[in-house]
4 protein chains.
Amino acid sequence: MHLRHEIAHVSHVELLTPAPEQSLWFFTEVMGLTENGSEGDSVYLRTWDDYEHHTLKLTAHTTSGIRRTGLRASSPEALDRLVKAIQDQDLGIGWQDGDPGIGPCFLFRDPDGHEMELYWENEWYEAPPGLVPALKNQAQAYPGRGVCVRRLDHVNYLSAEVEPNTSFITDVLGGRVTEQIRLDTGLISGGWTHFANKSYDLVYTRDWTGSNGRLHHIAFATDTREDILRAADIFLDKNVHIETGPHKHAIQQTFFLYVYEPGGNRIELCNPCARLILAPDWKTITWSESERAKGQAWGLKTIESFHTHGTPPV
Amino acid sequence: MHLRHEIAHVSHVELLTPAPEQSLWFFTEVMGLTENGSEGDSVYLRTWDDYEHHTLKLTAHTTSGIRRTGLRASSPEALDRLVKAIQDQDLGIGWQDGDPGIGPCFLFRDPDGHEMELYWENEWYEAPPGLVPALKNQAQAYPGRGVCVRRLDHVNYLSAEVEPNTSFITDVLGGRVTEQIRLDTGLISGGWTHFANKSYDLVYTRDWTGSNGRLHHIAFATDTREDILRAADIFLDKNVHIETGPHKHAIQQTFFLYVYEPGGNRIELCNPCARLILAPDWKTITWSESERAKGQAWGLKTIESFHTHGTPPV
Amino acid sequence: MHLRHEIAHVSHVELLTPAPEQSLWFFTEVMGLTENGSEGDSVYLRTWDDYEHHTLKLTAHTTSGIRRTGLRASSPEALDRLVKAIQDQDLGIGWQDGDPGIGPCFLFRDPDGHEMELYWENEWYEAPPGLVPALKNQAQAYPGRGVCVRRLDHVNYLSAEVEPNTSFITDVLGGRVTEQIRLDTGLISGGWTHFANKSYDLVYTRDWTGSNGRLHHIAFATDTREDILRAADIFLDKNVHIETGPHKHAIQQTFFLYVYEPGGNRIELCNPCARLILAPDWKTITWSESERAKGQAWGLKTIESFHTHGTPPV
Amino acid sequence: MHLRHEIAHVSHVELLTPAPEQSLWFFTEVMGLTENGSEGDSVYLRTWDDYEHHTLKLTAHTTSGIRRTGLRASSPEALDRLVKAIQDQDLGIGWQDGDPGIGPCFLFRDPDGHEMELYWENEWYEAPPGLVPALKNQAQAYPGRGVCVRRLDHVNYLSAEVEPNTSFITDVLGGRVTEQIRLDTGLISGGWTHFANKSYDLVYTRDWTGSNGRLHHIAFATDTREDILRAADIFLDKNVHIETGPHKHAIQQTFFLYVYEPGGNRIELCNPCARLILAPDWKTITWSESERAKGQAWGLKTIESFHTHGTPPV
């Protein structure tokens with residue numbers, strides 16, 4: 001199955017937090033995102049490499065979790081085709097006005113129930129005085145504050161079943177499964193899908209509680225692995241809970257570090273080194289249970305909470 | 001102009017060298033490529049992350065330079081469309097059998113005369129015993145020898161005129177100009193084009209000698225900037241001529257190091273950190289003469305030989 | 001000449017600035033030092049790895065330059081011996097109370113006139129709430145703000161003559177010259193001296209203006225070379241003047257970056273990788289003019305201002 | 001207790017291996033050491049930054065373990081004082097000729113029975129053609145092969161009791177305990193001692209088997225943490241057993257990776273970043289059992305085999 005390049009990239013997420021002040025502190029002071037307006041219970045935050053209005057909409061709520069994921073279409077025509085394809089699956093919710101900087105959005109749900117928005121129109125970010133970068137090919141000045149993540153990298157959902165969702169990504173949205181885990185029973189317990197050269201953009205992991213619409217983690221990319229080692233020291237001294245890492249995943253070979261933000265959502269820092277999927281006919285890599293039992297790339301055992309912690313809590 | 005995603009990636013190059021033994025030593029022992037067969041005056045070499053048969057065809061010749069660049073189409077249908085579009089421009093040479101591991105190739109020239117081959121069919125590389133990687137999502141074991149570059153990153157051609165060539169890339173091959181230099185006279189003296197998420201794949205720089213078909217450099221990507229700092233020490237102790245760097249380009253923000261391989265061809269090591277062009281409507285960044293006069297990102301002045309050294313020598 | 005280990009380390013400096021507010025912004029927001037009290041025209045600042053009260057005393061003044069350098073003796077007995085040896089050279093000024101956290105100091109001048117203080121007694125830094133580190137073997141929490149330098153590394157003085165000063169360091173203070181530059185005329189134009197395992201602590205470079213007591217630069221060590229690459233981006237976007245670098249010195253092999261703080265003083269970021277001088281009988285390395293003409297380790301030419309800019313201006 | 005600076009540094013070790021060919025492959029091809037002669041059942045190997053003849057004497061033997069550790073005195077006078085002090089403790093074995101490049105050695109044992117040699121005279125290494133470095137302040141050209149460790153960093157012994165040995169280091173050899181572990185029973189189960197600015201050189205860890213003279217690990221320093229991440233990939237693809245890491249120790253804050261060489265000896269790669277102990281009155285840091293229970297710096301639990309695997313096997 002070839003990529004159809006209908007979706008350009010995962011562009012932003014709305015994250016819910018029952019501890020809005022501490023979560024805001026985490027994303028601005030620790031992670032180094034920049035505030036770009038607020039509205040009602042939500043604050044808009046941006047990574048410095050984002051060309052759009054915001055990367056993260058952080059919303060105060062009774063619980064944690066992900067409310068919505070934004071996907072930008074590759075062209076107006078691609079948007080039309082995608083909307084039709086989603087409607088054909090009866091997964092559409094409908095059109096609505098976008099958040100600041102984002103044009104009309106078509107809302108829909110993946111088969112597991114995660115809400116997504118698809119759009120083409122937007123306004124490119126214009127850095128205000130004080131945030132204008134020295135190099136004109138960059139969206140915003142490098143903040144130099146905290147971890148200073150570069151961009152949103154991927155979203156990893158929990159889902160009651162994996163395959164209906166990865167099939168939706170491939171068949172309806174035009175993506176591809178680059179890697180997956182197949183249990184000895186034949187069940188696919190995890191699937192990594194992508195839309196272009198990044199080796200994954202949206203990931204589905206089996207939710208052993210059988211719940212729907214939950215979040216495993218959202219991930220931000222750093223420029224270097226050293227940024228992640230340095231981040232671990234920052235988390236340590238800022239008293240942010242480190243769940244596991246830094247280490248290198250066997251799957252996708254990403255260098256990673258997982259923490260919990262104060263609202264309870266799992267946040268990954270990731271760095272892929274120079275890994276890209278360039279092959280237009282990439283063959284899905286399937287990992288068996290015994291291969292997974294070897295742990296991560298350099299032998300770290302997968303931490304138990306990785307299989308149990310999701311947001312919101314069940 | 002949106003990307004058309006007709007070309008998947010720049011896949012390999014044939015490089016000419018008047019010092020074949022020393023060039024082979026350079027690419028295997030210093031750069032860390034792995035030999036994968038030979039044929040006549042040519043040796044096939046691969047970077048460890050390449051899923052195809054070879055990355056570099058190194059050919060003994062009376063002089064230096066680039067003989068051909070390989071481009072893989074995104075699908076068989078894209079190949080058909082591209083061939084027709086090239087033929088419509090009267091730039092086609094014709095079909096011929098590919099080198100080992102590569103299927104039928106359609107040969108053509110860009111307007112400046114650089115020879116290129118376009119193909120779809122290939123054989124995926126199967127690592128022989130001793131080169132089998134520990135992780136199944138990797139093409140070949142990491143050699144751990146010399147610089148150990150990961151993949152071919154881009155080719156930078158010299159051309160008598162820049163614009164006819166970048167227009168060919170965008171209009172005929174479906175790429176896009178991400179950045180360019182416009183002199184005060186209005187002349188475009190450099191254009192960076194790409195086909196997918198990498199911010200550049202094929203670059204054209206004005207050849208002030210007015211010659212055609214020459215090479216400015218080919219570039220290999222390393223996993224980290226630290227790999228490039230380490231490479232500089234390796235080059236120093238292996239007596240490889242360092243032309244300039246390490247430093248960070250203002251254009252494209254790539255961390256770079258330039259050396260001359262023993263055959264005289266300029267070779268770049270590059271690392272983009274996590275930079276990708278995700279915006280489907282990226283607007284070409286145009287740098288003026290005065291902006292270029294500021295030097296590279298952190299102030300290094302562009303070295304004089306950068307404007308004069310190309311291969312083959314005139 | 002063996003090391004006598006009479007001096008433990010260079011511990012702090014007093015720096016003068018005619019732009020105190022901007023210099024304070026530079027050292028706190030850009031470099032990531034932490035304020036630890038103020039007194040009159042001076043602010044005390046500390047790097048996070050310093051076990052003493054302060055690393056830098058920043059003092060508003062009519063001009064720039066270094067007012068004093070603090071050296072901690074290796075023991076009370078060493079202090080006594082050093083004071084006597086200095087007095088024997090008629091270079092002593094006398095005892096006075098130390099700044100906050102520092103006990104009685106013996107003031108003196110090196111032959112070129114740079115003021116220094118020598119002491120044993122001090123108070124170990126106790127981090128206040130909010131700055132307490134997670135690991136008890138660390139002085140202060142990692143700030144995660146700006147460049148976040150680890151410690152003061154060395155001071156490089158300008159001096160009318162080099163040799164009388166390096167001889168003072170070796171013969172009177174018990175240090176050793178690890179590397180030096182000898183011009184074709186036989187003149188020593190630069191000398192690097194050290195007191196223990198760091199390969200240099202105090203450096204003397206010939207002041208071609210013939211002035212006395214001036215500063216070439218003070219240097220702060222970062223944990224990694226990546227910290228310096230990252231710092232270059234921070235300086236770029238904070239509009240701090242980068243003079244030269246990042247690159248690797250041939251002499252001492254230090255990875256470096258030089259900037260001017262807003263008061264005009266040259267500040268170096270340096271990282272030695274794992275280089276230490278462990279040999280108790282290290283033989284001074286002498287570089288000739290022609291060796292120096294090759295530039296820095298990887299070929300960067302030494303920038304002209306490196307030979308002309310010192311503080312205060314003449 | 002102040003440092004007495006009687007010992008300059010830990011200079012070399014003799015390691016025993018029951019798998020000499022594979023161990024030699026490991027140290028040369030994987031670790032990147034350079035062979036410098038052989039004699040009988042032993043091969044001499046050097047790290048590229050070593051100014052002496054060899055860093056490691058690798059000896060074929062019926063079992064694994066460490067046969068001897070070399071310590072270089074700070075001066076001929078220090079050597080005399082040390083020999084006398086050791087003889088006063090009845091721990092001396094006597095003088096013998098040194099191995100190639102090493103002058104007369106005074107042999108002795110620490111209280112636990114580990115054999116050590118103390119010496120002053122040596123020959124400085126002169127690199128043969130092909131290994132001459134480009135920079136004259138470096139011992140040998142950078143090999144650019146495998147991990148390419150810079151120098152021997154420290155030795156960690158197992159000992160039936162810890163305190164008699166660390167007391168020997170401090171009281172007789174003039175070192176100092178920088179950090180230690182005190183169990184709830186009051187027992188010291190680990191002690192880190194140093195001789196100069198490195199924060200540790202010789203470490204004693206309690207041998208729960210009650211055996212004497214065994215080895216926990218020897219450690220080699222890399223220039224960067226990135227070197228260790230890269231090494232992990234090399235080990236993975238070279239099928240070298242990774243025991244634990246990469247991660248950061250809480251004690252001493254060293255970035256680490258542990259592997260077993262083919263002879264069974266545990267080898268550490270370590271990088272201290274820019275950490276040095278500069279304070280002449282450093283106060284020993286004591287870690288309690290509950291503090292240790294938190295795991296390493298970023299939360300990694302100490303692996304069980306760390307408490308059970310030593311060489312030779314019991």
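Values below: every heavy atom of this structure, side chains too, minus hydrogens, waters and symmetry copies. Residue numbering restarts at 1 for every chain, and letters A, B, ... go by the order of the sequence lines. All of these numbers come straight from a predicted model, not from anything done at the bench.
Note on Asp201(D) versus Arg176(D): no salt bridge recorded, every NZ/NE/NH1/NH2 to OD/OE distance being 4.0 Å or above. The pair Lys57(D)-Asp99(D) meets the salt-bridge criterion, with a side-chain N (NZ, NE, NH1 or NH2) lying under 4.0 Å from an Asp/Glu carboxylate O. Salt-bridge annotation for Glu179(C) and Arg275(C): present, with a side-chain N of the basic residue lying under 4.0 Å from a carboxylate O of the acidic one. Under the 4.0 Å criterion applied to side-chain N and carboxylate O atoms, Arg151(D) and Asp223(D) are not assigned as salt-bridge partners. The pair Lys136(C)-Glu291(D) counts as a salt bridge, with a side-chain nitrogen and a carboxylate oxygen less than 4.0 angstrom apart.
Per-residue counts of heavy-atom pairs under 4.5 Å with chain C were compared for Glu52(D), Gln138(D), Arg150(D); the largest is that of Arg150(D). Ranked by heavy-atom pairs under 4.5 Å with chain D, the first of Trp120(C), Phe195(C), Trp124(C) is Trp124(C). Among the candidates Asn122(D), Leu276(D), Asp153(D), the residue making the largest number of heavy-atom pairs closer than 4.5 Å to chain C is Leu276(D).
Residue Lys198(D) touches chain C through both its backbone and its side chain, counting heavy-atom pairs closer than 4.5 Å. Of the atoms belonging to Ala73(D), it is backbone heavy atoms, and not side-chain ones, that fall under 4.5 Å from chain C. Heavy atoms of Thr286(C) lying under 4.5 Å from chain D belong exclusively to its backbone. Contacts between Lys294(C) and chain D at a heavy-atom distance below 4.5 Å are absent for every atom of the residue. For a residue to count as touching a neighbouring chain, one of its non-hydrogen atoms must lie under 4.5 Å from one of that chain's; by this rule Thr222(C) touches chain D with the backbone only.
Residues of residues 224-233 of chain C placed with any heavy atom under 4.5 Å of a heavy atom in chain D are listed by number as Thr224(C), Arg225(C).
In this structure the side chain of Cys270(D) never reaches within 4.5 angstrom of the side chain of Phe255(D), judged on heavy atoms.
More than 12 non-hydrogen atoms from other residues, nucleotides or ligands lie less than 6.0 angstrom from CD of Gln253(C). Annotation: Lys301(C), atom NZ; neighbour count of heavy atoms from other residues, nucleotides and ligands within 6.0 Å is above 12.
Between His12(D) and His53(D), the distance from one ring center to the other does not fall under 6.0 angstrom.
Checking each of His247(C), His249(C), Lys248(C) against Gln296(C) for a side-chain hydrogen bond (donor to acceptor under 3.5 Å, both in side chains) leaves exactly one that passes, namely His249(C).
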